[in-house]
Undergrad: 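Below: one structure in structure tokens.
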Amino acid sequence: MLTLIRPDYNAICIEGARIVAELVRKKPDCILGFATGSSPLGLYQELIRMHQEEGLDFSKVTTFNLDEYVGLPPGHDQSYHFFMWENLFKHINVNPGYVHLPAGMADDVEEHCEWYDKRIDEVGGLDLQILGIGSNGHIAFNEPGSSLGSRTRVKTLTEKTRQDNARFFESIDQVPKYAITMGIGTIMDARKLILLASGKNKAQAIKNTLEGPISAMVPATIVQMHRHATLLIDEDAAGMLTADWRVD
Ligand code: F6R
């Protein structure tokens, strides 16, 4: 696990985009795993800049997203489908046929979750998965208590996560109660992980992730076991670390 502490949010996004771009250049038909939320937004902006100014080519890339709310149609402005198209896909030359997000409106959600994991395997597995981290230590929507070996499935969102995400909805009542999420085992199968954390509200979760024991109660701690995980953290998110994780 490589931990990179950088001065601010912008710096972690630039570094993260550099890692993604290097992979896309080396393996144009790579399989990328994307996340939503505020953490990866700056990284996506940098990828868009690289596409527009440097011709970074996404035409052969296949994508899978971590999660999606159950019950929100793809056109809903708070669905993760909508988020990904608005914030990344429509600005780059990704092939829409190669884009995968869990279907929050699937008739048979369980069957769909099984299909999603199978589809990842069929195309050769995730080369790189981008992650954010919840203030409670969740990754994707694997909330505290999630099995560390779990596969893609439906999870009930905790009150904490619903409160954290309420800022995007008119009221907390409108925040969905369930989501489809890649499992922790599914995420750990990715050949590389990048976890981005920025801001003081992530400092406790980052301390637990780096310095705590591996525990299902802090799902992000599992990244300690990954062979190629890079943690990109800004000074605020690193503020509670006791060990010196600084790498130049
Ligand atoms: C989003 C996701 C979530 C977020 C996490 C942090 O696809 O899987 O785990 O990464 O909730 O959210 P932000 O980045 O908004 O602080």
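One-based numbering, in listed order, for ligands and for the atoms of each.
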Undergrad: For ligand 1, would you mind listing the residues that have at least one heavy atom less than 4.0 Å away, ordered by chain and number?
TA: Ala35, Thr36, Gly37, Ser38, Ser39, Leu66, Asp67, Gly132, Ile133, Gly134, His138, Ala140, Arg167, Lys202

Undergrad: Measuring from atom CD1 of Ile206 to atom CD of Glu211, what distance do you get when rounded to the nearest 0.5 angstrom?
TA: 10.5 Å

Undergrad: For residues Tyr69 and Phe141, establish whether the separation of their ring centroids is below 6.0 Å.
TA: yes

Undergrad: Using ring centroids (six-membered ring only for Trp), state whether Phe64 and Tyr116 fall under 6.0 Å.
TA: yes

Undergrad: If you round to the nearest 0.5 Å, how far is NZ of Lys192 from CD1 of Ile19?
TA: 8.0 Å

Undergrad: Give a yes or no on whether the ring-centroid distance for Phe34 and Tyr44 is below 6.0 angstrom.
TA: yes

Undergrad: Answer yes or no: does atom CD of Glu170 have more than 12 heavy-atom neighbours from other residues, nucleotides or ligands under 6.0 Å?
TA: no

